[in-house]
Asks: 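Attaching a single structure in structure tokens format; questions to follow.
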There are 2 protein chains.
Amino acid sequence: MRQPLARELHDLLERGRDRQLRLAVTGLSRSGKTAFLTSLVNQMRHAGLEARLDLLPAAREGRLLGARRVNQQDLGVPRFPYDQAMAALEETPPRWPEPTRGISELRLAIRYRPPRRGLLGSDTRQLTLDLFDYPGEWLLDLPLLAHDYPGWCQAQQALTGTERRSLFADWHAAVAALDPTAEADEAQLAAIAERYAEGLRAAREAGFADLQPGRFLLPGELAGAPVLQFFPLPGLARLDPAERERLPPESNYATLARRFQYYQQHIVRPFYREHFRRFDRQIVLVDLLGALNAGPERFQDLSRALATLMQSFDYGQRSLLSRLFAPRIDRLAIAATKADHVTPEQHGRLVGLLEALLAEPLKDLRFASVPVRALSLASIRASEAREVEHRGQRSPALRGTSLDGEPLLLFPGEVPDRLPDADFWARQGFHFPAFRPLPLEGGALPHIRLDAALDWLIGDKLT
Amino acid sequence: MRQPLARELHDLLERGRDRQLRLAVTGLSRSGKTAFLTSLVNQMRHAGLEARLDLLPAAREGRLLGARRVNQQDLGVPRFPYDQAMAALEETPPRWPEPTRGISELRLAIRYRPPRRGLLGSDTRQLTLDLFDYPGEWLLDLPLLAHDYPGWCQAQQALTGTERRSLFADWHAAVAALDPTAEADEAQLAAIAERYAEGLRAAREAGFADLQPGRFLLPGELAGAPVLQFFPLPGLARLDPAERERLPPESNYATLARRFQYYQQHIVRPFYREHFRRFDRQIVLVDLLGALNAGPERFQDLSRALATLMQSFDYGQRSLLSRLFAPRIDRLAIAATKADHVTPEQHGRLVGLLEALLAEPLKDLRFASVPVRALSLASIRASEAREVEHRGQRSPALRGTSLDGEPLLLFPGEVPDRLPDADFWARQGFHFPAFRPLPLEGGALPHIRLDAALDWLIGDKLT
């Protein structure tokens, strides 16, 4: 059997010859990660036959020959559940696949022919594409590495929208009674931490995205462990810093600070160290339409969450990320998903809005010479574009089926092409519906501009 | 704040002065780990007031002053859910607590007075008791470290009871079609592995215990990862060993062998290295009555599982365990639990049967000078001993309430005091019922000989 060292060397050579690529897909929950990966694998599996990939030159030119799944490299990472996702889409009526939790992985071997150069035909070649899927919430924890515990408490204090604050009311009441200098009672801290986690869960349910610490929302095997039982201490500012640091290790302050440090060291860092810094390319999915539906406070919150999330791609020499982990992502895509939920003439505005929302982070990225592209797409198209006539005027509309099975024909509204102002929120009638997936008709899954995203993310490796 | 190194030093000193003890509780699923730990903590919390601990000298002599929960050391290990367990027992009607999954931990600070020596009264002292709870299934994986993949396949082949084999029928059919020399198909291996895991789950449901690999039954965050997608290859014996080792790394054989090795290195070893070798004392709980209820094949299977499990406590110089991990457990208890499910005069026979079942492992342990004691107990007594008169003869009986709320008064049968033979199984009418917990009456939980177990496990540290 080939030994690990030999295998690593082999992998290194493959990568050196541009034959191996690690592509990561992320986004906050419900941004459409599972649909994106399912559709990507599905298109590649149909490559050479019935794939719908006209915007990917290798496919358009007939050079994409096919793809198959092969053994993944990291045996301890769950495999992306492609078969289960396809089974859900193939049911009658079709269902959206279950969302993934945590990180998952899938390796594809893609066979292609390079473009013909000169008179002779060319050989077939193979690109090994490692696909990774992980929760965007994990990236929201990066700034947590920049803080010590008192600094983090202060940063969290700044998040004070009315609606958001009301979701944490129980926690606010409980933590107000906690004396940072008193001796810690494990059960009491656990109870207050549970209120904090409940607040985070309620906020996520309500559509908020800027939620730290991310692992509180997906505790997995750490459920009930002290490392997930800390929270910001609002009363900390009233304590003299010197006095604070003299508090005994049994105090509430010192106990919570210890847990915060453990979280930094044992939860946040390992993800960046073991996974993130090995990705070559990255796509970030954003459910912009969902945030538009949810109103100004949550749209604002998404904006802040995205700004935080984008710090993980800021490779400027002096960025926190570069100093800590020396990552290698050399190409980035930001995609507004679910474009099939608005009529086609709105797609341009959707990209415009995404670019407006990310204006500052995009500037930073371009300054740091990270190639980045913003686009809109629908990984699995669930509606059909139509025109309806109303009082003699033709106007665009969408046809689809609601999740309950009701046929829908509607115009969901106009997407603002720049950041919405108070006026927009006041008069806004924007409300896009949720569609059930279309019944499968054989061939590859229907999509909108998934091929454009693929061209940007892997197209240059297929030449 | 005290630094990690200083804290470790402090802990080391505490332990050197016999003031710190790490006590681990294990047993196969449904052996009663949660009830044992809940009752232990409950008795300690009531120490000095209403604890029922007459067989523990420190308690009998009034030297046990009290106990409280303090911050545990390992922030990444879930805390044992004592409050939730007590809440279940306090419901109307009372419920058995939810079983724990994976490892959990709880730290108690116990205050006591050493026995009076000379004329002067003595100070109070403190014992820091770290309690750990982990699935006995993890110990069944130790022998897996002694094998390479072909050896493990052969060892698993040996497990061929009719009933057990029938539970793996689907897997047998699927694996028979797999050619070890063919190129591996991830989806096919995943499907066959899922059948294997289904077989293990069905076997556990049916009361079997000798199940490897243990982590297949509690996958946690590894669900769907290739490391949990291997299984024994029955056809391996037909391959020439030299030829086998020449198979390419893409072959089914090499793929499965690689996963097996990954499982050894990344699942089995870390448990022993990070947890097991740090335990000072251990109690192993055994649901012997459940196995008697279930019949000869499963009783035989429990016997084999216990023999395997006991290897983790064999500290002979040449044992696998000592060579690999240098563990330090210096005292061991093996307890037949749920003694309240048979009438009191059967308790002696229950211990006799346990010793007969473990005769060989106990010999090995005693040869290796590991102090070990076998006993029977009920962590939380759920029945009351009564006598009934039938045709002028008084005979023992149990009174309790079934899980459905029916009042019960019965004689569950005689426990054989040596290994049951064919004759016993032929005429056996043994059938013990499941009792609902008794309603709490204030004070500590009722139990049977939990105090004897505590005396053996921690009594010497309270002097």
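Labels below follow one simple rule: chain letters A, B, ... track the order of the sequence lines, proteins then strands, and each chain is numbered from 1.
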Asks: Counting only heavy atoms closer than 4.5 Å, note whether A/D74 contacts chain B via side chain, backbone, both or neither.
Replies: backbone

Asks: Which one of A/P226, A/S251, A/G220 has the most heavy-atom pairs closer than 4.5 Å to chain B?
Replies: A/P226

Asks: Measure distances from B/R69 to the heavy atoms of chain A and classify the residue's part below 4.5 Å as side chain, backbone, both or neither.
Replies: side chain

Asks: Using heavy-atom distances under 4.5 Å, tell me whether A/D83 contacts chain B through its side chain, its backbone, both, or neither.
Replies: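 The side chain, not the backbone.
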
Asks: Of the listed residues (A/Q72, A/E105, A/Q229), which shares the most heavy-atom pairs with chain B below a 4.5 Å separation?
Replies: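 Heavy-atom pairs under 4.5 Å are most numerous for A/Q72.
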
Asks: Which of residues 186-197 of chain A have a heavy atom under 4.5 Å from any heavy atom of chain B?
Replies: A/E186, A/A187, A/A190

Asks: Ignoring hydrogens, what is the shortest heavy-atom contact between A/P219 and B/E221? Give both atom names and the distance.
Replies: O-OE2, 3.7 Å

Asks: For chain A, find which of B/R101, B/H266, B/R259 contributes the most heavy-atom pairs closer than 4.5 angstrom.
Replies: B/R259

Asks: Go through the structure and list residues passing side-chain hydrogen bond (donor to acceptor under 3.5 Å, both in side chains) with A/R273, not counting sequence neighbours.
Replies: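 Once residues adjacent in sequence are excluded, A/R273 has no partner under the side-chain hydrogen bond (donor to acceptor under 3.5 Å, both in side chains) criterion.
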
Asks: Where is the tightest heavy-atom contact between A/P78 and B/A223, given as atom of each residue plus distance?
Replies: CB-O, 3.3 Å

Asks: On a heavy-atom basis, which atom in A/L222 and which in B/G76 lie closest, and how many Å separate them?
Replies: CD2-O, 3.3 Å

